[in-house]
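What follows is a short report on a single structure.
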Amino acid sequence: MKILVTAKRVPDPEQKVKLKGNELDQSATNWQLNQFDEYAVETALRLTENASAGNARDGEVVVVSIGPKDVQQQLRSTLAMGADKAILVAGEDAELDAEIVARTIQKLAERDKPDLILMGKLAADSESNDAGQRLAGYLGWPQATFAGTIEVVDGGKALLVGREVDAGIETKKVTLPAVVTVDLRIVAPHAIKNGKTAKDHAYAEGPRYASLKGIMAAKKKPIEDTTLQALGVTAQKRIKTTTLEAPPARKAGIKVQSVEELVQKLHSEAKVI
Amino acid sequence: MGNVLIVVETHNGQLRTASLPAVTFGKQLAEKAGGTLSLLVVGNNVAGAATEAAKLGAAEVLVAEHPGLEHYLAETWAPVVVKAAKEKGATVIGATSTSTGKDLLPRVAALLDAGLVSDVIGIVNATTFKRPMMAGNVIATVEVGTPIIVATVRQTEFKPALADGAAAPISKVDATVPSDTRAEFVGVAESKSERPELTEAKIVVSGGRGMKEGKNFEQVAALADLLGGAMGASRAACDAGMVPNDLQVGQTGKVVAPQLYIAIAISGAIQHLAGMKGSKTIVAINKDPEAPIFQVADYGLVTTWEQAIPALMEEIKKLKAAG
Ligand SMILES: Cc1cc2nc3c(=O)[nH]c(=O)nc-3n(C[C@H](O)[C@H](O)[C@H](O)COP(=O)(O)OP(=O)(O)OC[C@H]3O[C@@H](n4cnc5c(N)ncnc54)[C@H](O)[C@@H]3O)c2cc1C
Ligand SMILES: Nc1ncnc2c1ncn2[C@@H]1O[C@H](COP(=O)(O)O)[C@@H](O)[C@H]1O
């Protein structure tokens, strides 16, 4: 299976957000891979290896990011995890919107013909939740968003995806090629069944760490540099952010000393019980 | 110009209450844009839901009914929504940010070559909206430059539309189901609960990893029941299998904004706060006085849940008995 994984770098969510007038102050930002995209890379690796046979690889995992030159660092870390190749499409965040991102991936999909495109369900900074479904729409491919489990079926031609929906878990079957966006539980020990790795194989919880060997190998793996123009992307930015502001602050709370005091306050002060 | 089309969802043939805030959004926007509001019901055997929708104050209700649309699939529903939008000359297409809304509308946007604003929390004008970013730590104002605008609406930020209007006309629209979508609905395992919906409850009681095991959530549930509230959880509690995943509150789970939110044995990671910071009153119960959850809590109590929950239930019962 040939898999294209998308990866965006985002500010470390633990870092306090700083605003400079109307913009984010990113002078001291620590950048990292969007967590969901790291999960997508892990998913792609689990889908293309036989974990019951020394992780023998069967397939190709290519990771693509649209971003500034520095994103090389994050791409290199996905190569160290085990991805085979990376593509860096030059672009500044401020010049992008979901349409441009999706059109870019569309061009790459048409060029490289992957069987599956794996994406995060959401970018932790913009939180648009747009790119994956939009891409599937442009390509006319089926989509399975919010994937918590994936099972390869029909001899590798289709996927059974367990989707985390409001009511519980929905099972959807998509025939490849397809777009799948991953949710948190996709990195649980038994979330992926690829038809090769033993069905009862238990992965360690979470995305894998790069081994020293992986880090050395990553130095020799290719990162293709390209541009929107070279890929023939003509979309123009049409969603504009005009202001950024801090949300209204909550007024400082108090510590109560006892359950009695708490119930008293909830009843006569907050009037919520 | 400026017609608005809101996609409303159904569940077991009835209107989903989660869709009502999007109807309110649609009304406000239709007024601002000087157009009319149409509601679209998609599915099979949805006449009952259409009748309910007709009372919500829209100009009309459109029904796209077909056996092939019985189960939601983005691949079959998106073209149906697109056709209805074109027929009505809609320049805004919206829905609540439910899991269906979030899955469907970006695909609709792609097919209409439209820009999408997700999780709208406020309308500035007919083309400009407010939405949260970065786990709710920034509010962005975004301007959409496409002729057609697609929007998903944060359920907690718009009041549910009331069924107090005169019945609007209901008409059928094209419900041709595209063939060979390569997508198939296999089934859904719904976790059943007698409690109010997490996203609509006035009181939510949530437990975290500190509850240690699933069995202990019976106490969280008992407290929720006593208060007539819903039960929620942190990611860590869901991941550990203590409770079903659909109880997760947060950036990746459900966003709630009840009158009262009680967080028990939850540390208060930013991704959790993103889903409950909008609550009117927040109570935190945690044995660690340094837990970040106390920074957003109106009332913090430093103790273990083992101590707190039984005592809390006793006090509340006393209060109730006193009337
Ligand atoms: C991409 C991404 C998305 C995420 N999305 C979400 C999300 O939507 N929702 C979410 O909740 N999390 C989310 N998380 C996870 C989040 O970062 C935290 O890991 C998680 O919220 C922690 O859950 P917790 O507070 O229950 O556990 P912990 O952080 O382990 O906290 C447990 C707390 O229980 C307290 N405690 C222990 N024992 C007791 C006792 N006996 N009595 C009282 N208190 C006790 C401890 O003091 C501690 O504060 C996400 C993470 C990532 C990376
Ligand atoms: N600049 C980008 N480069 C690569 N992938 C991206 C980029 N922006 C968004 N994505 C992908 O799209 C997913 C959803 O992002 P969003 O629609 O912005 O919430 C992310 O998890 C990424 O996988």
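Model, not experiment: these values are computed from the prediction. Lettering follows sequence order; numbering is per chain, from 1.
- At a 4.5 Å heavy-atom cutoff, the contact between A/A136 and chain B is made by backbone and side-chain atoms alike.
- Residue B/I149 does not touch chain A at all, counting heavy-atom pairs closer than 4.5 Å.
- With no hydrogens or angles considered, no side-chain donor-acceptor pair links A/E261 and B/Y299 at under 3.5 Å.
- Looking at B/Q295, there are no atoms closer than 4.5 Å to chain A (heavy atoms on both sides), in backbone or side chain.
- Taking CG of A/D130 as the reference point, atom OG1 of B/T152 lies at 9.0 Å (rounded to 0.5 Å).
- Taking the charged nitrogens against the carboxylate oxygens, B/R16 and A/D166 do have a contact shorter than 4.0 Å, which makes a salt bridge.
- In this structure, chain A has heavy atoms under 4.5 Å from both the backbone and the side chain of B/I139.
- Using a 4.5 Å cut-off between heavy atoms, A/L160 touches chain B through its side chain atoms alone.
- With 3.5 Å as the limit, one finds no donor-acceptor pair spanning the side chains of A/N129 and B/S118.
- By the 4.0 Å N-to-carboxylate-O rule, B/D298 lies too far from A/K265 to be salt-bridged with it.
- A salt bridge links A/R238 with B/D113: at least one charged nitrogen is closer than 4.0 Å to a carboxylate oxygen.
- In this structure, no portion of B/T76 lies under 4.5 Å from any heavy atom of chain A.
- Geometrically, A/K255 engages B/F294 in a cation-pi contact defined by less than 6.0 Å to the ring centre and at most 45° from the axis.
- In this structure, chain B has a heavy atom under 4.5 Å from the side chain of A/K121, while its backbone stays farther away.
- Of the two parts of B/A297, only the backbone, made up of N, CA, C and O, holds a non-hydrogen atom closer than 4.5 Å to a non-hydrogen atom of chain A.
- Contacts of A/P189 with chain B are absent, with no heavy-atom separation under 4.5 Å from either backbone or side chain.
- Contact of A/S258 with chain B is made through the backbone alone, with heavy-atom distances under 4.5 Å.
- With a threshold of 4.5 angstrom between heavy atoms, A/V165 approaches chain B through its backbone and through its side chain.
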With a cut-off of 3.5 Å and sequence neighbours excluded, list every side-chain donor-acceptor pair involving residues 312-323 of chain B.
| unit_1 | atom_1 | unit_2 | atom_2 | d |
| --- | --- | --- | --- | --- |
| B/E315 | OE2 | B/K318 | NZ | 2.9 |
| B/K320 | NZ | B/L226 | O | 2.6 |

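- Ion pairing of B/K130 with A/E245 is present here, as a side-chain N (NZ or NE/NH1/NH2) and a carboxylate O approach within less than 4.0 Å.
- For B/L301, the parts sitting under 4.5 Å from any heavy atom of chain A are the backbone and the side chain alike.
- Interatomic distance, B/F185 CZ to A/E170 CD, rounded to the nearest 0.5 Å: 5.5 Å.
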